[in-house]
Amino acid sequence: MKVLFICKGNNCRSQIAEAIYNRLTNSTTACSAGTHVNGEGETLDEFDKRPGVASFTLDVMRDAGYNIEDKRQTQLTHNMITDCDLVINMAAKRYTPKWLADAPNYTYWKVTDPKGRSYKITKHAKDEVERKVHELIKSNLAGRPMSLVHKI
């Protein structure tokens, strides 16, 4: 199953979800994007080194055994959602384009954006995303209808 994970800037939650999903499924079928990317093509390491950026994503993921510093920020496009079986958005609804929310393969996960906050809050967001990814994989493996995944 090809899954697209989305958050606002594509520098935290969606990148975390992509890495976790791909490791747990031993695949590369998940990808990520952002609805409002400021730094298209920039690696997470480059983003992390920007002056004034307070991001703990790389630290939290490194501590969990993931190296995502070379992952690049990607701006969401219309074409991306049609290429996926499931599109999961974690960006606040005010940052969600109508065309995205109206997609038939769309679902929303409420996960607080940890951008600019503490290591502890970023780790909490990572743990919440990881729990939801586990549920998604379990639901899919159990052969449950994808409509049940929307309730996660």
Side-chain angles (χ1 to χ4, degrees), residues 1-97 99-101 103 105-140 149-150 152:
M1 177 170 67
K2 188 167 181 182
V3 182
L4 172 61
F5 294 100
I6 301 166
C7 67
K8 181 183 174 202
N10 192 222
N11 52 41
C12 190
R13 295 166 292 173
S14 58
Q15 296 277 6
I16 288 170
E18 175 187 351
I20 292 170
Y21 183 91
N22 283 339
R23 178 176 286 174
L24 291 175
T25 60
N26 194 30
S27 72
T28 57
T29 59
C31 55
S32 64
T35 60
H36 291 75
V37 174
N38 181 7
E40 170 81 20
E42 185 176 54
T43 68
L44 294 185
D45 187 51
E46 291 167 338
F47 172 80
D48 202 44
K49 291 177 180 170
R50 276 192 206 169
V53 168
S55 175
F56 295 95
T57 303
L58 294 180
D59 296 330
V60 165
M61 291 301 281
R62 236 183 256 114
D63 291 349
Y66 294 85
N67 180 352
I68 62 170
E69 65 185 29
D70 291 335
K71 295 296 295 174
R72 295 192 179 275
Q73 295 178 83
T74 304
Q75 177 63 49
L76 177 68
T77 66
H78 289 267
N79 292 342
M80 294 170 107
I81 65 171
T82 59
D83 291 339
C84 295
D85 301 305
L86 183 62
V87 176
I88 299 172
N89 179 32
M90 294 170 272
K93 292 188 179 186
R94 69 180 177 272
Y95 298 114
T96 303
W99 56 265
L100 172 60
N105 54 348
Y106 174 87
T107 195
Y108 181 77
W109 286 354
K110 184 172 175 68
V111 179
T112 301
D113 187 355
K115 183 180 177 188
R117 301 177 81 186
S118 69
Y119 178 96
K120 182 179 178 180
I121 291 172
T122 304
K123 184 176 181 319
H124 178 74
K126 190 272 299 172
D127 292 345
E128 183 67 9
V129 167
E130 188 168 34
R131 182 188 68 74
K132 289 176 180 283
V133 168
H134 274 281
E135 298 250 339
L136 170 65
I137 293 167
K138 184 178 177 182
S139 294
N140 193 43
V149 173
H150 295 267
I152 296 177

S.K.: When you measure from the side chain of Thr29 to the backbone of Met1, do you find a donor-acceptor pair of N or O atoms at a distance under 3.5 Å?
M.R.: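 Here the side-chain-to-backbone pair exists.
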S.K.: Can you see which heavy atom on Thr35 is nearest to which on Ala91, and at what distance?
M.R.: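 Taking every non-hydrogen atom into account, OG1-CB, 4.0 Å.
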S.K.: Could you check whether any side-chain N or O of Gln75 sits under 3.5 Å from a backbone N or O of Ala33, counting only pairs where one atom can act as donor and the other as acceptor?
M.R.: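 It does not hold such a pair.
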S.K.: If you measure from NZ on Lys93 to OH on Tyr108, what distance do you get to the nearest 0.5 Å?
M.R.: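 Going from the NZ atom of Lys93 to the OH atom of Tyr108 covers 6.0 Å.
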S.K.: Measure the spacing between OH of Tyr95 and NZ of Lys8 and express it to the nearest 0.5 Å.
M.R.: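 Answer rounded to 0.5 Å: 3.5 Å.
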S.K.: Where do Phe56 and Thr122 come nearest, in terms of heavy atoms and distance?
M.R.: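 For Phe56 versus Thr122, the nearest heavy atoms are CB-OG1, 3.7 Å.
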S.K.: Looking at Met80 and Leu4, what are the two nearest heavy atoms and their distance?
M.R.: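 Of all heavy-atom pairs spanning Met80 and Leu4, the closest is CB-CD2, 3.9 Å.
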S.K.: Minimum heavy-atom separation for Arg72 to Asn10, with atom names?
M.R.: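 Shortest heavy-atom contact: O-OD1, 3.5 Å.
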S.K.: So, does Asn105 use its side chain to make a donor-acceptor pair with the main chain of Cys84 at under 3.5 Å?
M.R.: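 At least one qualifying donor-acceptor pair exists.
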S.K.: Kindly indicate whether the side chain of Lys120, heavy atoms from C-beta on, has any atom under 4.5 Å from the side chain of His124.
M.R.: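 No - every pair of side-chain heavy atoms lies 4.5 Å or more apart.
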S.K.: Please report the interatomic distance CG(Leu86) to NZ(Lys2), rounded to the nearest 0.5 Å.
M.R.: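 Answer rounded to 0.5 Å: 12.5 Å.
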S.K.: So, does Asp45 use its side chain to make a donor-acceptor pair with the main chain of Asp70 at under 3.5 Å?
M.R.: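 Not at all, since once roles are kept as given, no pair shorter than 3.5 Å links the two residues.
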S.K.: Measure the spacing between CE of Met61 and CD1 of Ile68 and express it to the nearest 0.5 Å.
M.R.: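 Between atom CE of Met61 and atom CD1 of Ile68 there are 4.5 Å.
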S.K.: Less than 4.5 Å apart, any side-chain heavy atom of Glu69 and any of Thr43?
M.R.: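 They are not in contact (no side-chain heavy atoms under 4.5 Å apart), so the answer is no.
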S.K.: Which class fits the ring pair Phe5 and Trp109: parallel under 30°, tilted 30 to 60°, perpendicular over 60°?
M.R.: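 The arrangement is tilted - the two ring planes meet at 30° to 60°.
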S.K.: Closest approach of Asp48 and Ser55, non-hydrogen atoms and distance?
M.R.: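 For Asp48 versus Ser55, the nearest heavy atoms are OD1-O, 3.1 Å.
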S.K.: Between Asn11 and Cys7, which heavy-atom pair has the shortest distance, and what is it?
M.R.: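 Between these two residues, the closest heavy atoms are N-SG, 4.2 Å.
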S.K.: For Ala30, is there any backbone N or O sitting under 3.5 Å from a side-chain donor or acceptor partner on Asn22?
M.R.: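 Between the backbone of Ala30 and the side chain of Asn22 there is a qualifying donor-acceptor contact (under 3.5 Å).
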S.K.: Decide yes or no for His134 and Arg131: does some side-chain heavy atom of the first lie under 4.5 Å from some side-chain heavy atom of the second?
M.R.: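 Heavy-atom side-chain distance check fails, nothing below 4.5 Å.
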S.K.: Considering only residues two or more places apart or on different chains, which pairs with a residue in residues 9-36 satisfy salt bridge (charged side-chain N to carboxylate O under 4.0 Å, His left out)?
M.R.: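 Those involving residues 9-36 are Arg13-Asp113, Glu18-Lys71.
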S.K.: Taking the side chain as every heavy atom from C-beta outward, state whether Arg117 and Thr112 have any atom pair closer than 4.5 Å.
M.R.: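 The answer is yes, as the side chains (C-beta and beyond) meet within the 4.5 Å cut-off.
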S.K.: Can you tell which of Ile20, Val111, Thr57 makes a side-chain contact (heavy atoms from CB on, under 4.5 Å) with Lys126?
M.R.: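 Filter result, single survivor: Ile20.
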S.K.: Taking side chain as C-beta onward, heavy atoms only, is Lys110 less than 4.5 Å from Glu128?
M.R.: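 Counting from C-beta outward, Lys110 and Glu128 never come under 4.5 Å.
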S.K.: Can Val3 and Val133 be said to form a side-chain contact (heavy atoms from CB on, under 4.5 Å), step by step?
M.R.: CA-CA 11 Å; Val3 182; Val133 168; over 6 Å; no
S.K.: Take Glu42 and Arg50, measure what side-chain contact (heavy atoms from CB on, under 4.5 Å) needs, and give me the verdict at the end.
M.R.: CA-CA 11 Å; Glu42 185 176 54; Arg50 276 192 206 169; 2.6 Å; yes
S.K.: I need the Asn26 CG to Tyr21 OH distance, nearest 0.5 Å.
M.R.: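 If I round to the nearest 0.5 Å, the distance is 11.5 Å.
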S.K.: Please check: side-chain N/O of Ser14 versus main-chain N/O of Ser32, any donor-acceptor pairing under 3.5 Å?
M.R.: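 Judged by distance alone, no pair lies under 3.5 Å.
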S.K.: Go through it in stages, so that I can follow the logic: the residues are Ile81 and Tyr106, the test is side-chain contact (heavy atoms from CB on, under 4.5 Å), and I'd like the CA-CA distance, side-chain angles, deciding distance and then a yes or no.
M.R.: CA-CA 8 Å; Ile81 65 171; Tyr106 174 87; over 6 Å; no
S.K.: Above 12 or not: heavy atoms from other molecules or residues under 6.0 Å from CG of Asp63?
M.R.: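 Counting other residues, nucleotides and ligands, CG of Asp63 exceeds 12 neighbours.
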S.K.: Report the C-alpha separation of Asp127 and Glu130 in whole Å, then their side-chain angles, then the decisive distance to 0.1 Å, and conclude whether the side-chain contact (heavy atoms from CB on, under 4.5 Å) test is met.
M.R.: CA-CA 5 Å; Asp127 292 345; Glu130 188 168 34; 4.3 Å; yes
